[in-house]
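A, B, ... follow the sequence lines: proteins, then strands. Residue 1 opens every chain.
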There are 2 protein chains.
Amino acid sequence: MGELTDPGGGLVSSTVGAITRLIREQDLMPGDRLPSEATLSRDLQVSRTVVREAFRSLAAMRIIELATGKRATVAPIDHGAMSLIIEHGVHTDQISIQQIYDVRRTIETRIVTLASLRRSDDEARIIREEAEAMRASIATPEELMRHDLAFHMALARASKNPVFALIVGAFQGITSQTWPIGWRSRTSAEGREAMIANHEKIAEAVADGDPERAVAAMSQHFDESVRALISAGLT
Amino acid sequence: MGELTDPGGGLVSSTVGAITRLIREQDLMPGDRLPSEATLSRDLQVSRTVVREAFRSLAAMRIIELATGKRATVAPIDHGAMSLIIEHGVHTDQISIQQIYDVRRTIETRIVTLASLRRSDDEARIIREEAEAMRASIATPEELMRHDLAFHMALARASKNPVFALIVGAFQGITSQTWPIGWRSRTSAEGREAMIANHEKIAEAVADGDPERAVAAMSQHFDESVRALISAGLT
DNA sequence: CACCACAAAGCTGTCATACAGGTTGATGTT
DNA sequence: AACATCAACCTGTATGACAGCTTTGTGGTG
């Protein structure tokens, strides 16, 4: 089948390279099946152990998908791995929550602009429904949070740029861990109401195809969120 | 030591969770050593094979670092895994180069603003040096590209937000694969000269602490880059 | 001819064992 | 106290084994 490059850098890492190259050279698309472990083991002249560890590496990055009994398949892009990477950065004090929010603000400000211009009617409806669902679940924070995250994800998708969706998704893991802090710091009913109203404003502006208003509302949302987190004592 | 959650979702995946939890609960910081494979195998009641595959998964995301003979250590954040994920998305036609550039423009526009306000004198010097190095290596594209990438990375670092640096780094893998296309499409000496001059303008503005001028120059840089790529036939 | 049931072959998940070679820490020497 | 040496420990890779799931092909049935 082919040679392994970098024979000194560890067999597994070479094998990861070989499998990646195989995907490229054969133009495999998401869903396509890879050779079996035994086949790769034979073709690449390494033990099945090595092939398996290489598969695990690629699966961790969501480049391939593994399943019992089935062959490994090429995976669609997914933010799962990125989510874990970000969480690790935060938990080891290499990234602060405020820095996350600064990046989110940058990204999501652009997202609402694009979403306002490009959203389909279906997407506008879904975005509005998530905002409504937030209001409906104001008494159950767990569910409220789920709709909040879904709202931002729906916006990202409506931007029609999968990379924006990927990045927004990458932040959702850590966000779901810090969201309750911000929510608890909004002690008054008005504070909580205002947060939901902000989402509705964003949804309306996007539905109306009004980027300026959408950006303004999103900006206000982030001002308010960051204020809430700071007042809760987050650096 | 502890129980494994989700016992039905695959032993390896449970073990990854257990190790992650261990890092959190013990507040391990980058550089700290993890238990040996044998120890984890005993404590988690799984075979060493499973522990190794779990380690490989975490190492693929750069959450831990492995080395022969040494114990695994907690890793500093690194964009290596994200780079591979993005490359995979592009090679499987799930992400287009233009979409990458749209995100980069969004991110890097914000970066130059922050860098203008926050850069240290050292950082300003490094940024300028990379721009100068670009001009000096105008005849050797390979080297020129290296300095171009280093220039953008230095800017990202000067923003003082590691998440921006992470994202910029994540794009460098695929960028280094498409950069030559853009360069070749700049057929005239003036075109090539203009590209380098743009970088110099950015460096000057950042050194002067002038965010508006920096943003304008960065914006122009992206306009020009995207034009170059399109004229080379990239969708 | 189409369809279904079923058995065989193939594949992955996990475990145990073995050994080469790198790393670390303790021991003893100067 | 500094250093050299070595034993214990640790990781990287290979092999073999087996349970359980999936795919495939076969042949029978309507």
Between [atom2] on [N] and [atom1] on [X], what's the gap in Å once rounded to a whole number?
X	N	atom1	atom2	result
Arg42(B)	dC9(D)	CZ	P	11 Å
Arg56(A)	dT12(C)	CZ	P	11 Å
Phe55(A)	dC11(C)	CZ	C1'	11 Å
Leu40(A)	dC11(C)	CG	P	11 Å
Arg52(B)	dT15(D)	CZ	P	15 Å
Glu53(A)	dT11(D)	CD	P	12 Å
Glu37(A)	dC21(D)	CD	C1'	14 Å
Leu34(B)	dC10(D)	CG	P	13 Å

Please name the residue in the list Leu22(A), Val50(A), Leu11(A), Thr15(A) that meets the side-chain contact (heavy atoms from CB on, under 4.5 Å) test with Leu44(A).
Thr15(A)

Knowing that exactly one of Ile100(B), Thr106(B), Ile107(B) qualifies, which makes a side-chain contact (heavy atoms from CB on, under 4.5 Å) with Arg104(B)?
Ile100(B)

Toward the 5' end of DNA chain C, by each residue's nearest nucleotide, Gly69(A) or Arg33(B):
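The residue mapped nearer the 5' terminus is Gly69(A).
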
Note: Glu129(B)-Arg125(B) ion pair, threshold 4.0 Å (strictly below):
yes

Among [options], which nucleotide has an atom closest to any side-chain atom of [X]?
X	options	result
Arg71(B)	dT12(C), dT11(D), dC15(C)	dT11(D)
Lys70(B)	dT11(D), dT23(C), dT14(C)	dT23(C)
Ser36(A)	dG12(D), dG25(C), dC11(C)	dC11(C)
Thr49(A)	dC15(C), dT15(D), dT12(C)	dT15(D)
Leu66(A)	dT24(C), dG13(C), dT13(D)	dG13(C)

If you go through the side-chain atoms of Arg48(A), does one of them form a donor-acceptor pair with the base of dG13(C) closer than 3.5 Å?
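Indeed there is one.
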
Taking five pairs at each end, how big is the angle between the two axes of the helix from dC1(C)-dG30(D) to dT30(C)-dA1(D), to 10°?
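Helix axis angle between the two ends: 20°.
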
Do Glu87(B) and Leu84(B) have side chains that approach each other closer than 4.5 Å (heavy atoms only, starting at C-beta)?
yes

Test salt bridge (charged side-chain N to carboxylate O under 4.0 Å, His left out) on Arg128(B) and Glu132(B) and set out the steps.
CA-CA 6 Å; Arg128(B) 226 180 337 208; Glu132(B) 281 167 23; 5.3 Å; no

Would Arg52(A) and Phe55(A) count as a cation-pi pair here, with the cationic atom under 6.0 angstrom from the ring centre and within 45° of the axis?
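Not satisfied by the 6.0 Å and 45° rule.
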
How are the rings of His221(A) and His152(A) set to each other: parallel, tilted or perpendicular (split at 30° and 60°)?
parallel

Check the phosphate of dG22(C) against Thr68(B), side-chain N and O only, distance under 4.0 Å to OP1 or OP2. Yes or no?
no

